Undergrad: 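Before I ask anything, let me first share the structure, which is written out below as structure tokens.
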Amino acid sequence: MERLKLKVAVYLFLIKEDQILLSLRFNTGWQDGNYSLPAGHLDPNETIEQALFREGEEEVGLTLKTEDVKLVHTMHRMSQYIDFFFVSEYAGVEPKNMEPEKCNELKWFPVKELPSNMVPSVRSAINNYLSGVTFSEFENEG
């Protein structure tokens, strides 16, 4: 029997006071028109933190370091993903949309008043983070 091969993704909760930075997905072929987080896949021979730092730079122009982030949630999505969610406090460097071909906008939202059009697993992860839940499982999403 062949073993399951999980994909790994990393996500950044960038928090400023009581707000979280969300990105509006565009032209990606998955969940377009819904808000998500700065995020991406783990590349071969890359650590989880290295992937997070690379994605932070590529997507929103932030240079993050180990002391800037904290792992706050892990999610097993039944679509064969393991997702790692890290939080970082806003450090005064304004994020920039570095991938306008994949992201219509970056916008700050009150973390307790998320938009209705969100990637369902991301909404769940944010709610789990706010509730102090560090691990969850999530059914498949379209």
Side-chain angles (χ1 to χ4, degrees), residues 3-142:
R3 293 190 182 264
L4 177 66
K5 293 180 181 157
L6 292 172
K7 300 173 193 113
V8 177
V10 295
Y11 295 80
L12 178 64
F13 294 154
L14 187 61
I15 305 290
K16 175 172 73 171
E17 297 163 3
D18 291 328
Q19 297 190 325
I20 189 166
L21 184 72
L22 299 179
S23 60
L24 185 59
R25 295 183 61 83
F26 167 72
N27 202 30
T28 69
W30 186 79
Q31 294 287 330
D32 290 335
N34 287 334
Y35 282 96
S36 188
L37 298 160
H41 293 93
L42 180 70
D43 287 343
N45 300 312
E46 187 175 51
T47 69
I48 302 288
E49 272 194 344
Q50 287 170 339
L52 180 71
F53 300 160
R54 176 181 51 75
E55 292 293 347
E57 182 90 23
E58 287 176 2
E59 293 195 9
V60 293
L62 296 180
T63 302
L64 299 168
K65 301 181 290 283
T66 299
E67 58 269 20
D68 298 330
V69 299
K70 178 182 175 187
L71 177 65
V72 292
H73 190 73
T74 304
M75 177 182 284
H76 174 210
R77 276 190 288 147
M78 299 308 287
S79 58
Q80 301 183 4
Y81 270 89
I82 295 290
D83 298 329
F84 294 92
F85 295 85
F86 291 81
V87 67
S88 184
E89 295 293 322
Y90 175 72
V93 176
E94 196 58 35
K96 297 183 234 41
N97 184 359
M98 306 297 286
E99 295 184 328
E101 71 283 0
K102 295 181 187 177
C103 172
N104 258 358
E105 71 175 357
L106 293 177
K107 188 172 178 182
W108 294 99
F109 286 91
V111 73
K112 293 183 179 179
E113 298 173 28
L114 300 173
S116 59
N117 57 324
M118 283 202 63
V119 172
S121 59
V122 170
R123 177 187 301 283
S124 179
I126 293 170
N127 289 334
N128 282 321
Y129 162 67
L130 293 174
S131 300
V133 175
T134 58
F135 175 78
S136 66
E137 295 180 334
F138 193 87
E139 292 297 321
N140 294 341
E141 57 197 343

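The structure presented is a predicted model; accordingly, all values stated were derived computationally and were not measured.
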Undergrad: Do S88 and I15 come within less than 4.5 Å of each other through their side chains, counting heavy atoms only?
TA: no

Undergrad: Begin with the C-alpha distance, continue with both residues' side-chain angles, and end with the deciding distance and a verdict on side chain to side chain contact (heavy atoms under 4.5 Å, CB included) for Y90 and E17.
TA: CA-CA 8 Å; Y90 175 72; E17 297 163 3; over 6 Å; no

Undergrad: Set out, in order, the CA-CA distance, both residues' side-chain angles and the distance that settles side-chain hydrogen bond (donor to acceptor under 3.5 Å, both in side chains) for S23 and E105, then state yes or no.
TA: CA-CA 6 Å; S23 60; E105 71 175 357; over 6 Å; no

Undergrad: Show the numbers, then the answer: is there a side-chain hydrogen bond (donor to acceptor under 3.5 Å, both in side chains) between T66 and E49?
TA: CA-CA 7 Å; T66 299; E49 272 194 344; 2.9 Å; yes

Undergrad: Thinking salt bridges, do K112 and D18 make one under a 4.0 Å N-O criterion?
TA: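 Looking at K112 and D18, the cut-off is not met.
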
Undergrad: Do I82 and T74 have side chains that approach each other closer than 4.5 Å (heavy atoms only, starting at C-beta)?
TA: yes

Undergrad: Measuring only between side-chain heavy atoms, which start at C-beta, is L106 closer than 4.5 Å to L22?
TA: no

Undergrad: What distance separates L42 CG from E55 CD, expressed to the nearest 0.5 Å?
TA: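 One gets 10.0 Å once the value is rounded to the nearest 0.5 Å.
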
Undergrad: What class does the angle between the rings of F85 and Y11 fall in, given that below 30° is parallel, 30 to 60° is tilted and above 60° is perpendicular?
TA: parallel

Undergrad: Between F13 and F86, is the ring centroid distance below 6.0 Å?
TA: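 Between F13 and F86, the centre distance exceeds or equals 6.0 Å.
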
Undergrad: Quick one, L114 and I126 - any side-chain contact, counting heavy atoms below 4.5 Å?
TA: yes

Undergrad: Say whether, by atom type as modelled, one donor and one acceptor occur between the side chain of D83 and the main chain of V8 under 3.5 angstrom.
TA: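 Not a single qualifying donor-acceptor pair exists.
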
Undergrad: Parallel, tilted or perpendicular: which describes the rings of H41 and Y81, with under 30° parallel and over 60° perpendicular?
TA: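 Aromatic pair H41/Y81 classed tilted.
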
